[in-house]
Amino acid sequence: MTLGYKKLFASLVLAGVAGLSSMSASAGTFAATSTPEGYEINYTTSSATFEDFWSFNVVAPASISAAVSGTSTSAFSFTAFDLVKLVAGSYVTVATGDVGNLTAKITFGGLEADDLGGDYFIRIAGIGKGNYTGTITVSAVPEAETYVMMLAGVGLMGFVARRRKSAYAAA
């Protein structure tokens, strides 16, 4: 009698494994397309769930803002939209983005982070088959020396203007 239960249990386990393996999931790493304004992302998912990493580079300290939107003819939603960095073989979240699912077929996300430089990834995860597009905008952040030079220049201009004003008053 116990042998029958063992066979039944083994059959159920095999059926469960077969069922799980038939569910499609996708994970990929892609290079974002460079544009004059930053980077672009465009991808069509073909599996029930997805987790994609889009790589891009920031040369100097900069502000990063990113946005993504997705559409589908069936149910589609984002579950994560984050800025991550690869550290010692593991992805570390730098900034967590917001995702909003307007309807079952339209979804979006956005994030912002400051003072970054190096190689980064945008992680986009979701459920459903559909298309998503996005942009990554990188804006330079002036260094502290730039502000010091600007303040020194403004101070010097004020000094010169004051001397001219007093020279006209004396004449």
Side-chain angles (χ1 to χ4, degrees), residues 5-143 146:
Y5 288 119
K6 287 182 181 179
K7 284 185 181 181
L8 177 63
F9 180 71
S11 297
L12 289 173
V13 168
L14 286 175
V17 169
L20 286 175
S21 66
S22 69
M23 295 174 78
S24 59
S26 154
T29 302
F30 310 99
T33 305
S34 180
T35 67
E37 296 80 28
Y39 296 89
E40 288 183 353
I41 296 168
N42 188 354
Y43 191 67
T44 300
T45 65
S46 59
S47 59
T49 61
F50 59 92
E51 182 177 27
D52 299 327
F53 292 86
W54 292 87
S55 66
F56 66 100
N57 181 271
V58 178
V59 178
S63 292
I64 297 171
S65 62
V68 66
S69 63
T71 58
S72 176
T73 56
S74 61
F76 183 78
S77 64
F78 291 127
T79 56
F81 183 61
D82 304 321
L83 179 66
V84 298
K85 187 168 183 122
L86 193 58
V87 178
S90 298
Y91 289 107
V92 177
T93 302
V94 176
T96 302
D98 296 319
V99 293
N101 299 305
L102 296 178
T103 69
K105 298 178 184 179
I106 300 173
T107 185
F108 66 92
L111 67 83
E112 292 186 9
D114 291 322
D115 298 328
L116 302 172
D119 296 322
Y120 289 90
F121 296 85
I122 294 289
R123 179 175 82 97
I124 302 172
I127 301 168
K129 297 177 183 178
N131 182 57
Y132 65 82
T133 59
T135 58
I136 304 167
T137 305
V138 179
S139 304
V141 175
E143 295 184 15
T146 304

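- In this structure, N42 has no side-chain hydrogen bond (donor to acceptor under 3.5 Å, both in side chains) partners at least two apart in sequence or on a different chain.
- In this structure, the side-chain contact (heavy atoms from CB on, under 4.5 Å) partners of V87, at least two apart in sequence or on a different chain, are K85, V92.
- Scanning all heavy atoms of the two residues, the minimum distance from A31 to S55 falls at CA-OG, 3.4 Å.
- Contact record, S74 with K129: OG-O, 3.9 Å, taken as the closest heavy-atom pair.
- Between F81 and D98, the closest side-chain pair of non-hydrogen atoms is not below 4.5 Å.
- Across I122 and A66, no two heavy atoms sit closer than the pair CD1-CB, 4.0 Å.
- For the pairing with I41, the side chain to side chain contact (heavy atoms under 4.5 Å, CB included) check across T133, D52, T33, I124 returns one residue only, I124.
- Side-chain atoms of T45 come within 3.5 Å of backbone N or O of G128 as a donor-acceptor pair.
- In terms of heavy-atom proximity, S47 sits nearest to F50 at OG-CB, 4.4 Å.
- The side-chain contact (heavy atoms from CB on, under 4.5 Å) search around A80 returns D82, R123, A125, not counting sequence neighbours.
- Between the CG atom of D119 and the CG atom of N57 there is a distance of 4.5 Å, given to the nearest 0.5 Å.
- A side-chain donor from one of N131 and T44 sits under 3.5 Å from a side-chain acceptor of the other.
- Using a 4.5 Å heavy-atom threshold, the side chains of I136 and I64 count as touching.
- For the side-chain contact (heavy atoms from CB on, under 4.5 Å) test, residues two or more places apart in sequence or in another chain that qualify with T137 are S65, S139.
- With sequence neighbours left out, the side-chain hydrogen bond (donor to acceptor under 3.5 Å, both in side chains) criterion links T135 to no other residue.
- Between Y39 and Y120, the distance separating the two ring centers is not shorter than 6.0 angstrom.
- Below 30°, between 30° and 60°, or above 60°: for Y132 and W54 the angle between ring planes is above 60°, a perpendicular geometry.
- Residues meeting the side-chain contact (heavy atoms from CB on, under 4.5 Å) test with Y91, sequence neighbours left out: T29, F53, V84, L86, F121.
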